S.K.: 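Below: one structure in C-alpha cells.
First the proteins, then the strands, lettered A, B, ... as listed; each starts at 1. What you are looking at is a predicted structure, and each value in this text was computed from that prediction instead of being measured.
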There are 2 protein chains.
Amino acid sequence: MTGIEDVAVATGVSTATVSRALRGLTGVSPATRAKVLTVARELGYVPSSSASGLASGRTMAMGVLLPSIERWYFSAMLDGIDRQLRTAGYDLIVFSLGGFGGNRERVFHRSILRKRIDALIVMCMELTEDEYRSLRDLDSPTIVVGGSVRGVPHVSIDDHAAVRDAVEHLIALGHTRIGHVRGGGSFGMHFDVPRIRNDAFKETMEAHGLPVREEWSVFGDFRFKEAKIAVTAMLADAAERPTALFCSSDEMAFGALTAAAELGISVPGELSVIGIDDHEFADPMGLTTVRQMPEEQGAYAAELMLAELEGKKLEGGPVTQPHELIERASTGPPLH
Amino acid sequence: MTGIEDVAVATGVSTATVSRALRGLTGVSPATRAKVLTVARELGYVPSSSASGLASGRTMAMGVLLPSIERWYFSAMLDGIDRQLRTAGYDLIVFSLGGFGGNRERVFHRSILRKRIDALIVMCMELTEDEYRSLRDLDSPTIVVGGSVRGVPHVSIDDHAAVRDAVEHLIALGHTRIGHVRGGGSFGMHFDVPRIRNDAFKETMEAHGLPVREEWSVFGDFRFKEAKIAVTAMLADAAERPTALFCSSDEMAFGALTAAAELGISVPGELSVIGIDDHEFADPMGLTTVRQMPEEQGAYAAELMLAELEGKKLEGGPVTQPHELIERASTGPPLH
DNA sequence: CTGAAAGCGCTAACAG
DNA sequence: CTGTTAGCGCTTTCAG
C-alpha cells in the first residue's frame, strides 16, 4: 500500500504538507498543492480511514440503525439517507436488527459504539434510556426518523393528520360504514406508529359521529398477504359489510384490493379502499392513498446530521414532513 | 472516552492483557480474564474500531457495492448479507451508486479503497479492469453476487435455466403463442441478466419449434408500472393475442396481471402469466413464478467472504444457487 | 507557507 | 500466563 509518506517523498515535501494539500486546507501554496495532487494520483494513493479516523477523531461515516432492511419503507428511507451522505462524502454503515430484537444489545455495543461513526440516524425505533446515554457519552449526534421521541430531534410526518385526511376523504365521499385494516409491530417497529394510526382512526370516526365497529377492524400486520387473508375473512363473513376500508399502509391496502377482486366485490362501487404511503405499486394498482415520502424524510434527517457535524446549525427547517392525499381509482362514493 | 489503558489500570494488568482478554485469545488465566471483563463492563469500555483497525489491519467491516438500495431484489440480498455478517460480528458498509452511474469513480476511490473494509461484495454489477486491479492491490477479497463474471468468484442462479423452466412450464401446459415482457438496465443493472433472459427465452422457444413474435415482445423495464402500460398496449392492439406471457421479473408480471384485469381478460383462462423471482407479493397475487432467493444468495456470498477472511476455505459449495418453479393460479392450459 | 515531532488507541511480537 | 516495546498511517500542534 502506498502511504502518505510515499507521496511526501516523491513530491519532496513533508507528510504534513501532503495531508494539508490533499484535504484542501488553506496554507499550502498552489504550486505545492498541484504537485502533491499529481503525485498522489500517479501513485494511486488513498488515505486509510482507520488512520485518519484515529488521528482526527472523525470517521466520515454515519450509522443508521433500523429494524430491517428489506421492507419498502425502510429501504426507501435508507436510499434517501444514502443519497445525502454520498454527496457529502460520508460512508453509510447499516446496523440492522434483522427483524428480531434479540441481538439488539450486541448490535448496539459491539458495533455502534465502537467509534466507527460520527453520528447515528435511528429509523422507526425508540432507544432505551441506556442507549441514549451511551450515545451522549460518546457525543455522537443522534436523530430519529420515521417517528417521534420526546426530547430527541426527529423528523417524521404527522401520522395523526395523515390518518385523519384519509378517513375524512372517505367520509366526504359519503361513507359511514368504514372498516380498518390495522398494522402491527411484528417486523421490528419498536414504535408508536401502529398505535397512533389506530387511535387516529377511532378519533376521526368519533369526531364525525360515526361508529367504530369491532367486526370491521382486522389485523394485517403491515403486510400484503396477512391483510388479504384478514380482509377476505371479514368480507366473507360479515352479515353487513363496510362500504370503505381504511388501511394503515399501502401494502395492506393491496391485500384488501386483491381480496375484493377475488370475492368479486367491485372497487370502488361496493368497496372503497384507501391506504397510507404511496408505495411504488399504488399508482399502477390505482390505489387512493396518503402519500408520504420516506426517501425525502431520510434525506432530510441526514442533512440535519451533516449540518450538525459541520457545526452549522440548519436554520430550523420543519421537522414535520408533508403528506398529501392522492386520489386514484380505489375510492368513490358508496353505491347504496 | 474510557480507553484500554483505563481498564488496564483499574484491573491492575497491562493493556496487552486487557486486549487479549477482551478478544478471547488464549493465554490469559480465567481469573484475570474474568476480572478484566468485569472492569471493562463497569467502565463501559468499548474498543475503538479505528484504533484496532489501524493496529491489526482488520476493520471487521465488509463493504457491499450495489446499484441502488430500494429495489426489492437488492434490499433482500442486502438483508441476507447483513444477517450473515451480524452473526460474525462484522459491520456492513453500503456503497450505493444511487441508481446513477456518474459518481461511480468517486464512490470507488473515495470510499471503497480507503481500507475501511476487509472485503467487498459486488452486487449485480460488473467492475472495470481498473477497479478489479485496485482491489487486488489492496488485497481485499472480492465476490460478485447476482450475476457472473469471468475470472472472479461469484454466486448466482442459473438464469438461463430459470428462464427455460418458466417457458417450458407454459409449453407443457399447451401454450404455443407465448409473449415476453422484457427487463432492462435502467436502474443500474450494469449486468447481463436482462440480456441472458432475453436470449434464453428465444432459445427455449426455438428449441421447441415455437415462433418468437416481435409484436408480443414488450419492454417493461423490470417495473410494475412500465410493464402494465406496455402489456396493456400490446393486448389492446393485438389482432391476435398471445395465450401466455413470460415476464422477466415478478414485478413486471404484476403489471401484466393488472393490465389483464383492467382489460377484462381472464387469467389464466385467456392469458397465463409467469414471472421470475417469487417476490413477496407473488403468493398473495397468485402468481406462478420461478423462485430465486436473493436473501440466501447474499447470505451465501457473505459466508464465502467470511470464510476467506478466516483463512479457512469453504469446502467448495455450489456457486450456482437453486431456483424452483412455484405453480400458482396465474398459469393454466390455454382455452381456445 | 512548510517541517518536525508527538500522539490518536490499539495490537503484535518478543521477552520473561 | 503476563508485561514491554514498537509501531499501524495519519493529523495536528508548534516552530521556523
S.K.: Grab the CG-P distance between A:Asp6 and D:dC8 for me, whole Å please.
M.R.: 12 Å

S.K.: How long is the gap from OG1 on A:Thr59 to CG on A:Asp91, to the nearest 0.5 Å?
M.R.: 8.5 Å

S.K.: Where along residues 25-52 of chain A does a heavy atom fall under 4.0 Å from DNA chain C?
M.R.: A:Gly27, A:Val28, A:Ser29, A:Thr32

S.K.: Looking at A:Ile4, A:Val9, A:Asp6, A:Val7, which one forms a side chain to side chain contact (heavy atoms under 4.5 Å, CB included) with A:Thr15?
M.R.: A:Ile4

S.K.: For A:Arg41, does the CZ atom sit with more than 12 other heavy atoms under 6.0 Å from it, leaving out its own atoms?
M.R.: no

S.K.: Is A:Glu303 paired with A:Arg83 through a side-chain N to carboxylate O contact shorter than 4.0 Å?
M.R.: no

S.K.: Any chance you could measure B:Ser68, atom OG, to A:Asp79, atom CG, to the nearest 0.5 Å?
M.R.: 5.0 Å

S.K.: Using heavy-atom distances to pick each residue's nearest nucleotide on DNA chain D, tell me which of B:Gly12 and A:Arg23 is more 5'.
M.R.: B:Gly12

S.K.: Is any side-chain heavy atom of B:Val193 closer than 4.5 Å to one of B:Cys124?
M.R.: no

S.K.: Do the non-hydrogen side-chain atoms of B:Tyr90 and B:Arg58 ever get within less than 4.5 Å of each other?
M.R.: yes

S.K.: Counting only heavy atoms and a strict 4.0 angstrom limit, can you tell me which residues of residues 53-63 of chain A come near DNA chain D?
M.R.: A:Ala55, A:Ser56

S.K.: Send over the distance from B:Ile4 CD1 to D:dT4 P, rounded to a whole Å.
M.R.: 14 Å

S.K.: Please list, in 5' to 3' order, the outermost nucleotides of DNA chain C lying under 4.0 Å from any heavy atom of chain A.
M.R.: C:dC1 to C:dG9

S.K.: State the CZ-CG distance between B:Arg71 and B:Leu78, to the nearest 0.5 angstrom.
M.R.: 15.0 Å

S.K.: For D:dC1, does OP1 or OP2 lie under 4.0 Å from any side-chain N or O of B:Arg20?
M.R.: no

S.K.: For a quick test of reading the model, state the closest non-hydrogen atom pair linking B:Leu66 to B:Val94 and the distance between them.
M.R.: CD1-CG1, 4.1 Å

S.K.: Scan side-chain atoms only and decide if A:Gln292 and A:Gln321 contain a donor-acceptor pair under the 3.5 Å cut-off.
M.R.: no

